[in-house]
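Have a look at the structure below before the remarks.
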Amino acid sequence: MADMGAFRDAVTGWASGGPDGPARDLAERLGVRTAVLLEGRSDLAAVEALAARHGRSLANEGVCTVPMGGAMNAARYAGLLGPTGLGLRLTGLCDAGEKGFYERGLRRSQAPLRDVYVCTADLEDELIRSLGTAGVEEVLRAEGDFRAWQSFQRQPAQLGRPRHQQLRRFLGTKKGRKIRYGRLLAEALAADRTPPPLDGLLASL
């Protein structure tokens with residue numbers, strides 16, 4: 001049975017130069033109405049985990065979260081999925097430094113700019129600030145990464161840096177760690193501690 005994951009894969013294939021037919025067919029069969037443009041898979045993990053924590057199934061609501069493999073691909077995906085393509089409503093989440101890619105991409109695809117939610121620095125920064133450094137360390141401890149974190153803190157480049165910055169850097173030091181902890185940190189948040197950009201994004205869907 002086709003699901004939203006199949007549609008996401010079809011869109012990725014289309015964006016890479018493949019045929020548009022599979023994505024168009026699945027969009028109609030699944031009742032897709034909104035595409036959430038995300039920079040990467042860590043954003044995908046966090047958004048879907050937060051939605052589930054709020055008791056929502058985005059797929060059942062006709063919402064597809066789409067990791068684009070980088071903000072520089074926003075114009076390509078917006079063109080395929082937005083008003084000039086499949087005609088889906090577009091929204092998205094991005095880092096402050098990547099906002100321009102989204103704005104240019106949405107403008108070119110004739111989609112409104114109002115539904116792009118911007119993280120102050122990046123998603124990890126937002127999650128760490130909302131959960132608190134002690135809360136993040138508790139998640140690291142539960143996942144068996146606390147000793148690795150302590151070793152990382154003792155590296156010369158990390159000495160004297162604020163713990164918040166150390167944690168941001170630590171989450172990006174191993175392949176797959178951002179994706180894994182994007183989900184875990186989102187799941188650890190209290191319901192009233194959702195980072196503002198993510199809260200705004202979910203409220204808009």
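Note that this is a predicted model, so its numbers are computed, not measured.
- Screening residues 32-42 for salt bridge (Lys or Arg N to Asp or Glu O under 4.0 Å), with sequence neighbours left out, gives no hits.
- Judged by the 6.0 Å and 45° rule, R104 forms no cation-pi pair with Y102.
- Once rounded to the nearest 0.5 Å, the distance linking NE2 of H54 with CG of L189 reads 9.0 Å.
- A continuous path of Ile, Leu, Val, Met, Phe, Trp and Tyr side chains, each step under 4.5 Å between heavy atoms, connects M4 with W14, placing both in one hydrophobic cluster.
- Under the side-chain contact (heavy atoms from CB on, under 4.5 Å) criterion, A78 pairs with L37, L90, L106, S109, sequence neighbours left out.
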Exercise for the section: Take V136 and L127 through the side chain to side chain contact (heavy atoms under 4.5 Å, CB included) test and state the conclusion after the steps. Expected result: CA-CA 9 Å; V136 176; L127 291 171; over 6 Å; no
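- Annotation: side-chain contact (heavy atoms from CB on, under 4.5 Å) contacts of R169 (sequence neighbours excluded): F152, Q158, R161, T173.
- Looking at K178 and D122, no side-chain N of the basic residue comes within less than 4.0 Å of a carboxylate O on the acidic one, giving no salt bridge.
- Taking all atoms of both residues into account, the shortest heavy-atom contact from P197 to Y117 is O-CB, 3.5 Å.
- The heavy-atom pair separating D95 from L123 by the smallest distance is OD1-N, 3.7 Å.
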Practice task
Could you walk me through whether C64 and T34 pass the side chain to side chain contact (heavy atoms under 4.5 Å, CB included) test, one step at a time?
Solution key: CA-CA 6 Å; C64 184; T34 300; over 6 Å; no
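- How far CD of E124 is from SG of C119: 8.5 Å, rounded to the nearest 0.5 Å.
- Pairing each heavy atom of L93 with each of L38, the nearest pair is CB-CD2, 3.7 Å.
- Applying the salt bridge (Lys or Arg N to Asp or Glu O under 4.0 Å) rule to D125 yields the partners R129; only residues at least two apart in sequence or on another chain are considered.
- Atom CD1 in I128 sits 10.0 Å away from atom CD in Q165 (nearest 0.5 Å).
- Listed by chain and residue number, R8, L44, T65 satisfy the side-chain contact (heavy atoms from CB on, under 4.5 Å) test with E48 (two or more places apart in sequence, or in another chain).
- Taking all atoms of both residues into account, the shortest heavy-atom contact from G92 to L201 is O-CD1, 4.1 Å.
- Shortest non-hydrogen contact noted between A186 and R53 is O-CD, 3.7 Å.
- Here the options are F146, Y181, W149, the test is ring-ring contact (aromatic ring centres under 6.0 Å, His included), and the partner is F170; only W149 passes.
- Applying the side chain to side chain donor-acceptor pair (under 3.5 Å) rule to pairs touching residues 72-94 yields R89-D115, sequence neighbours excluded.
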Practice task
Please assess L80 against L86 for the test side chain to side chain contact (heavy atoms under 4.5 Å, CB included), listing each intermediate value before the final yes or no.
Solution key: CA-CA 6 Å; L80 299 180; L86 293 185; over 6 Å; no
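- L58 is not connected to F7 by any chain of hydrophobic side-chain contacts under 4.5 Å among Ile, Leu, Val, Met, Phe, Trp and Tyr, and they are in different clusters.
- The side chain to side chain donor-acceptor pair (under 3.5 Å) search around Q155 returns none, not counting sequence neighbours.
- Cluster membership check: V118 does not share its hydrophobic cluster with V47, using side-chain heavy-atom separations under 4.5 Å among Ile, Leu, Val, Met, Phe, Trp and Tyr.
- Residues passing the side chain to side chain donor-acceptor pair (under 3.5 Å) test with E103: none are found, sequence neighbours excluded.
- Scored by the side chain to side chain donor-acceptor pair (under 3.5 Å) test, Q166 finds Q153 as partners (sequence neighbours excluded).
- Follow the hydrophobic side-chain contacts under 4.5 Å out from V63 and you never reach V66; the two are in separate clusters.
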Exercise for the section: May I have the step-by-step check of side chain to side chain contact (heavy atoms under 4.5 Å, CB included) for L167 and L140, ending in yes or no? Expected result: CA-CA 10 Å; L167 281 166; L140 293 175; 3.8 Å; yes
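- The salt bridge (Lys or Arg N to Asp or Glu O under 4.0 Å) analysis of residues 13-28, with sequence neighbours excluded, yields the pairs D20-R24, D25-R29.
- Heavy-atom minimum distance, D145 versus R180: OD2-NH1, 3.0 Å.
- L131 and L202 fall within the same hydrophobic cluster, where Ile, Leu, Val, Met, Phe, Trp and Tyr residues are linked whenever their side-chain heavy atoms come under 4.5 Å apart, directly or through other members.
- Side chain of D3 to backbone of G5: a donor-acceptor contact under 3.5 angstrom is found.
- Side-chain N or O atoms of N60 include none that pairs as donor or acceptor with a backbone N or O of S57 at under 3.5 Å.
- Each salt bridge (Lys or Arg N to Asp or Glu O under 4.0 Å) pair with one or both residues in residues 182-193, not counting sequence neighbours, appears once here: R183-E187.
- Around the CZ atom of R108, the shell of radius 6.0 Å holds no more than 12 heavy atoms that belong to other residues, nucleotides or ligands.
- Expressed to the nearest 0.5 Å, how far CG of L184 lies from CD of E143 amounts to 4.5 Å.
- Residues T194 and S130 have side chains not in contact (no heavy-atom distance under 4.5 Å, counting atoms from C-beta outward).
- Not counting sequence neighbours, the partners of R114 by the side-chain contact (heavy atoms from CB on, under 4.5 Å) test are P112.
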